[in-house]
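Encoded as structure tokens, the structure appears first; notes follow it.
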Amino acid sequence: MSHVFIVAEIGCNHNGSKKLAYQMIDKAKECGVDAVKFQTFRAKDLISRYAPKAEYQKKTTGNKESQLEMTEKLELSYKDLVDLKEYAENVGLVVFSTPFDMKSIDFLESIGQNLWKIPSGEITNLPYLERIGAIRQKDKKVILSTGMATIDEIKYAINILINAGTLENDIILLHCNTEYPTPDKDVNILAINDLKENFPKIPIGFSDHSVGYLAAVGASILGITLIEKHFTLDKNLIGPDHKASANPEELKVLVENVRRMELMAGNGKKIVTESEKKNRIVARKSIVALKTIKKGEVFSEENVTCKRPGNGISPMNWYDILGKVAERDFEEDELISVSGIKMQNN
């Protein structure tokens, strides 16, 4: 199992505060993630004034304001994003941002972004997909979330990206459920295998919107390449995504356990490991004398048995020993040895 690339999705959980965003970068670094991700948008270019809030947004932010008004409060300026990018890179993190409108794509391209995240909501946005697909950047990768999408919709989106100029092996698909938080019954981790079957040449990852860290750790054993998890400093902060996000304690445990799982996954071959070899003698058994055996007696089920340790004749040779004659005396519990066996019956 290779290294799983773990992304802390800061998204808009900075609540429009550059100061809070800096603090989130520091905490994400402490938690051991590989990258942080933001969201770049101009609310008026993203949301019409007639767009309703999602049900989860109503639960977390109320009904008094529209989706547009709510989202306007979550904007960061382009300059803020440049400063945050520089800061995150200086502390050793990969940093990138999801664009939600064409102007934001232009901006992110202008600052040399080469890791592009397409959110689930844009998987049916043809001009958006074409625009990102056509970007020419060294080491470019496109991460495509698949929440709310059918296999056919995913195939269509991939074809748009490829026809626009993105190489198939530069695409990463994320299994995702677009509900915040995702109910356990809808997480459907094993859908990762369905994506692998349908897209065998494309790496698969997991964008986890469930509560806690269990789903992400479980998914890591399926050979995924990337995990994205929404991140917040405090689930009680006002904003649409905080309650569906991992706090620092949860994110730290997520990272630690995914790293453990990488070790536990091993090489996929059933072998005797170095750590267990020494226990063969202790845990396995040998053929021993059940009671005192005199020279000349025949070995039978009445005078031999199998007991630990395993440094004598293996019980797998049981029927080779029965019926043979003892060449010498054996005490109770003494290992039956080859030298003490007359190999031909009298």
Side-chain angles (χ1 to χ4, degrees), residues 1-15 17-40 76 81 83-98 108 113-119 139 141-143 145 172-176 180-182 189 192 203-235 237 239 241-265:
M1 180 174 170
S2 59
H3 179 88
V4 178
F5 190 77
I6 301 177
V7 180
E9 164 69 293
I10 292 175
C12 58
N13 279 346
H14 48 69
N15 286 358
S17 167
K18 186 177 179 182
K19 179 180 178 181
L20 182 57
Y22 279 126
Q23 294 171 353
M24 296 181 76
I25 291 170
D26 288 336
K27 276 295 180 183
K29 175 66 176 178
E30 289 177 18
C31 292
V33 302
D34 298 290
V36 291
K37 187 176 78 66
F38 291 94
Q39 295 176 0
T40 304
L76 288 172
L81 288 164
D83 292 342
L84 291 166
K85 179 178 185 293
E86 182 180 347
Y87 182 78
E89 289 173 343
N90 284 339
V91 300
L93 291 171
V94 175
V95 57
F96 60 111
S97 187
T98 299
L108 293 171
Q113 176 164 293
N114 59 8
L115 188 54
W116 294 86
K117 166 66 187 297
I118 297 174
D139 300 323
K141 297 288 183 183
V142 176
I143 303 167
S145 267
I172 300 169
L173 287 181
L174 300 188
H175 170 51
C176 174
Y180 304 85
T182 299
I189 294 171
I192 289 168
I204 308 299
F206 181 41
S207 180
D208 180 23
H209 296 145
S210 67
V211 173
Y213 54 84
L214 184 61
V217 175
S220 68
I221 200 65
L222 297 180
I224 58 176
T225 60
L226 186 150
I227 291 171
E228 176 187 88
K229 184 71 175 179
H230 278 257
F231 175 54
T232 182
L233 295 187
D234 185 349
K235 294 187 181 188
L237 289 172
D241 293 341
H242 292 285
K243 284 186 167 45
S245 301
N247 62 27
E249 292 75 21
E250 290 170 326
L251 186 63
K252 187 173 188 294
V253 173
L254 184 157
V255 174
E256 289 173 348
N257 281 281
V258 169
R259 299 301 174 230
R260 286 189 69 198
M261 196 62 69
E262 289 170 350
L263 291 174
M264 291 179 180

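Computed from a predicted model, the values in this text were never measured in an experiment. As a basis for the values below, the full set of heavy atoms in this structure was taken, side chains included, without hydrogen atoms, waters or symmetry mates.
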Requested in this report: Assess whether side chain to side chain contact (heavy atoms under 4.5 Å, CB included) is satisfied between Ile25 and Phe38, documenting all intermediate values.
Outcome: CA-CA 10 Å; Ile25 291 170; Phe38 291 94; 4.0 Å; yes
Query raised in the report: From Leu76 CG over to Asp83 CG, what is the distance, rounded to the nearest 0.5 angstrom?
Result: 10.5 Å
Report task. Go through the steps to decide whether Lys85 and Glu89 satisfy the test salt bridge (charged side-chain N to carboxylate O under 4.0 Å, His left out), and finish with yes or no. Result -> CA-CA 6 Å; Lys85 179 178 185 293; Glu89 289 173 343; 2.8 Å; yes
Query raised in the report: Do the side chain of Gln113 and the main chain of Ser97 share a donor and acceptor less than 3.5 angstrom apart?
Result: yes
Query - Residue pair Pro119 / Ser145: nearest heavy atoms and the distance that separates them - result: C-CB, 4.2 Å
**Report entry** Straight-line distance of Asn13 CG to His230 NE2, nearest 0.5 Å
**Finding:** 7.5 Å
**Report entry** Minimal non-hydrogen separation, His14 against Leu20, with atom names
**Finding:** O-CD2, 3.3 Å
**Report entry** Nearest atoms (heavy-atom pairs only) where Ala215 meets Ile189
**Finding:** O-CD1, 3.6 Å
Query raised in the report: Is the number of heavy atoms from other residues, nucleotides or ligands within 6.0 Å of CG (Leu214) greater than 12?
Result: no
**Report entry** Aromatic plane relationship, His209 with Tyr180 - under 30° parallel, 30 to 60° tilted, over 60° perpendicular
**Finding:** tilted
Report summary line: Result for side-chain contact (heavy atoms from CB on, under 4.5 Å) between Phe231 and one of Leu254, Leu251, Val36 points to Leu251
Query raised in the report: Would you call Asp34 and Arg259 a salt bridge, using N to O less than 4.0 angstrom?
Result: yes
**Report entry** Rounded distance (nearest 0.5 Å) linking atom CD1 of Ile204 with atom CG of Leu173
**Finding:** 4.5 Å
Query - Partner set under side-chain contact (heavy atoms from CB on, under 4.5 Å) for Pro203, not counting sequence neighbours - result: Ile172, Thr225
**Report entry** side chain to side chain donor-acceptor pair (under 3.5 Å), paired with Thr98, selected from Lys117, Lys37, Gln39
**Finding:** Lys37
Report summary line: Rounded to the nearest 0.5 Å, the CG atom of Asp26 sits from the NZ atom of Lys29 at a distance of 10.5 Å
Requested in this report: Decide side chain to side chain contact (heavy atoms under 4.5 Å, CB included) for Val258 and Ile6; before the verdict, give the C-alpha distance in whole Å, the side-chain angles of both, and the deciding distance to 0.1 Å.
Outcome: CA-CA 9 Å; Val258 169; Ile6 301 177; 4.0 Å; yes
Query raised in the report: Hey, are Ser245 and Lys235 close enough side-chain-wise for a donor-acceptor pair under 3.5 Å?
Result: no
Requested in this report: Run the numbers on Leu108 and Phe96 for side chain to side chain contact (heavy atoms under 4.5 Å, CB included), then give the verdict.
Outcome: CA-CA 9 Å; Leu108 293 171; Phe96 60 111; over 6 Å; no
Query raised in the report: Do the side chain of Glu250 and the main chain of Asn247 share a donor and acceptor less than 3.5 angstrom apart?
Result: yes
Query raised in the report: Looking only at side chains, do Asn15 and Ser17 share a donor and an acceptor under 3.5 Å apart?
Result: no
Report task. Check Lys229 against Gly212 and note the closest heavy-atom contact, atom names and distance. Result -> NZ-O, 2.7 Å
Report summary line: Value for CD (Gln23) from CG (Leu233), rounded to nearest 0.5 Å, stands at 6.5 Å
Query raised in the report: For the residue pair Val33 and Ala28, what are the closest heavy atoms and their distance?
Result: CG2-O, 3.3 Å
Report task. Taking all non-hydrogen atoms of both residues into account, name the closest pair between Ile227 and Ser220 and its distance. Result -> CD1-CB, 4.3 Å
Report task. Measure the shortest side-chain to side-chain distance between Ile118 and Ile143 over non-hydrogen atoms and say whether it is less than 4.5 angstrom. Result -> no
Requested in this report: Determine, stepwise, if the pair Leu84 / Tyr22 fulfils side chain to side chain contact (heavy atoms under 4.5 Å, CB included).
Outcome: CA-CA 7 Å; Leu84 291 166; Tyr22 279 126; 3.7 Å; yes
Report task. Determine whether more than 12 heavy atoms belonging to other residues, nucleotides or ligands lie under 6.0 Å from atom NZ of Lys27. Result -> no
Query raised in the report: Rounded to the nearest 0.5 Å, what separation is found between the NZ atom of Lys252 and the OH atom of Tyr213?
Result: 12.0 Å
